Amino acid sequence: MLAQPKPYCTPENYLELERKAAYKSEYFKGEIVAMAGASRNHNRIKENLSIGIGSYLKGKRCQSFSSDMRLHIPSNSLYTYPDLVIVCGEPELLDSTFDTLLNPTILVEVLSESTKDYDRGGKFMLYRNIPTFQEYILVDSEQIRVEA
């Protein structure tokens with residue numbers, strides 16, 4: 001969330017705009033922030049994680065979703081797109097559009113130079129408000145390093 005914020009709006013306005021938008025944005029406390037594009041390494045890591053974790057979870061009670069699944073945290077107003085989300089049990093969704101998840105178990109973020117401080121700090125603090133949240137995994141896109 002490092003781009004310039006757009007003027008204040010309601011969560012309902014955000015969802016209406018976001019569902020029609022050609023690009024993804026995050027929402028937090030009335031501000032919409034366009035998400036920057038990801039590097040080649042970031043995308044390769046995310047895809048490899050998605051394939052590996054998805055294969056591992058096949059036939060189990062958990063399932064994974066890639067970065068196109070929006071996450072909402074009602075207690076702090078954040079709408080965001082984690083790189084990978086794992087949900088154990090039945091997914092709880094915001095509404096009948098089925099594009100906004102409420103109950104992640106594990107969140108995975110691929111770190112980049114522009115997002116690593118936010119992912120480790122402010123975003124992690126916001127994620128900690130999720131009642132079902134159990135594990136946070138950070139994968140560095142610039143060196144061989146994983147944090148949990």
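Keep in mind that the numbers below use all heavy atoms, side chains included, and drop hydrogens, waters and symmetry copies. Since this is a predicted model, take the numbers as computed values, not measurements.
- Contact detail for V87 and P104: the closest heavy-atom pair is CG2-CA, 4.2 Å.
- Residues L93 and L102 have side chains not in contact (no heavy-atom distance under 4.5 Å, counting atoms from C-beta outward).
- Side-chain N or O atoms of S64 include none that pairs as donor or acceptor with a backbone N or O of V85 at under 3.5 Å.
- Nearest heavy atom pair, residue E142 against residue S112, reads OE2-C, 4.3 Å.
- Taking CG of L126 as the start and CG of N76 as the end, the distance is 4.5 Å to the nearest 0.5 Å.
- The environment of CZ in R44 is sparse: at most 12 heavy-atom neighbours from other residues, nucleotides or ligands sit within 6.0 Å.
- Follow the hydrophobic side-chain contacts under 4.5 Å out from L84 and you reach I45 in the same cluster.
- Shown here for Y79 and L94, the closest heavy-atom pair between the two residues is OH-CD2, 3.7 Å.
- Taking the ring axis of Y56 as reference, the NZ or CZ atom of K58 does not stay both within 45° of it and closer than 6.0 Å to the ring centre.
- Note on ring orientation: taking the six-membered ring where Trp is involved, the planes of F133 and F124 are perpendicular (angle over 60°, cut-offs 30° and 60°).
- When all heavy atoms of I32 and S25 are compared, the closest pair comes out as CG2-CB, 3.5 Å.
- Here the side chain of N103 pairs a donor or acceptor atom with the backbone of E90 at under 3.5 angstrom.
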Side-chain donor-acceptor distances from residues 33-40 under 3.5 Å, at least two apart:
unit_1, atom_1, unit_2, atom_2, d
S39, OG, H42, N, 3.1

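- Residues T80 and E26 bring a donor and an acceptor atom of their side chains to less than 3.5 Å of each other.
- No path of Ile, Leu, Val, Met, Phe, Trp and Tyr side chains, each step under 4.5 Å between heavy atoms, connects F65 with I86, placing them in separate hydrophobic clusters.
- In terms of hydrophobic clustering, with Ile, Leu, Val, Met, Phe, Trp and Tyr side chains grouped at heavy-atom distances under 4.5 Å, M69 and V139 are assigned to different clusters.
- A single hydrophobic cluster is seen to contain both I53 and V146, as judged by linkage of ILVMFWY side chains at heavy-atom distances under 4.5 Å, directly or through other members.
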Handout entry: Audit row: L111, E147, side chain to side chain contact (heavy atoms under 4.5 Å, CB included) steps and yes/no
Key = CA-CA 10 Å; L111 303 175; E147 302 168 38; 4.3 Å; yes

Practice task
Please report the C-alpha distance between S66 and K46 in whole Å, then the side-chain angles of each, then the deciding distance to 0.1 Å, and finally whether the side-chain hydrogen bond (donor to acceptor under 3.5 Å, both in side chains) criterion is met.
Solution key: CA-CA 8 Å; S66 70; K46 183 179 68 167; over 6 Å; no

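- Rounding to the nearest 0.5 angstrom, the gap separating the CZ atom in R70 from the OH atom in Y14 is 5.0 Å.
- For the atom pair CG of L71 and OH of Y81, the computed distance is 10.5 Å after rounding to the nearest 0.5 Å.
- Residues N13 and E16 have side chains that never bring a donor and an acceptor to within less than 3.5 angstrom of each other.
- L107 and L101 fall within the same hydrophobic cluster, defined by Ile, Leu, Val, Met, Phe, Trp and Tyr side-chain heavy atoms under 4.5 Å apart, directly or through other members.
- The only option from Y118, Y127, Y136 that meets the side-chain hydrogen bond (donor to acceptor under 3.5 Å, both in side chains) definition with E109 turns out to be Y127.
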Problem - Residues K116, E113; criterion salt bridge (Lys or Arg N to Asp or Glu O under 4.0 Å); working and verdict - result: CA-CA 6 Å; K116 65 184 177 185; E113 186 60 37; 3.1 Å; yes

Practice task
Verify salt bridge (Lys or Arg N to Asp or Glu O under 4.0 Å) between E18 and K20, making sure each step is shown before the conclusion.
Solution key: CA-CA 5 Å; E18 187 69 5; K20 295 175 186 173; over 6 Å; no

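- Closest heavy-atom contact between T115 and V110: OG1-O, 4.3 Å.
- How far CD1 of I106 is from SG of C88: 5.5 Å, rounded to the nearest 0.5 Å.
- Exactly one of D99, T100, D95 qualifies for a side-chain hydrogen bond (donor to acceptor under 3.5 Å, both in side chains) with T97. That residue is D95.
- In this structure, the separation between CD on E47 and CG on N43 is 7.0 Å, given to the nearest 0.5 Å.
- Annotation: the span from E135 atom CD to I137 atom CD1 amounts to 5.5 Å, rounded to 0.5 Å.
- For the residue pair S77 and Y27, the shortest heavy atom distance occurs at O-CD2, 3.4 Å.
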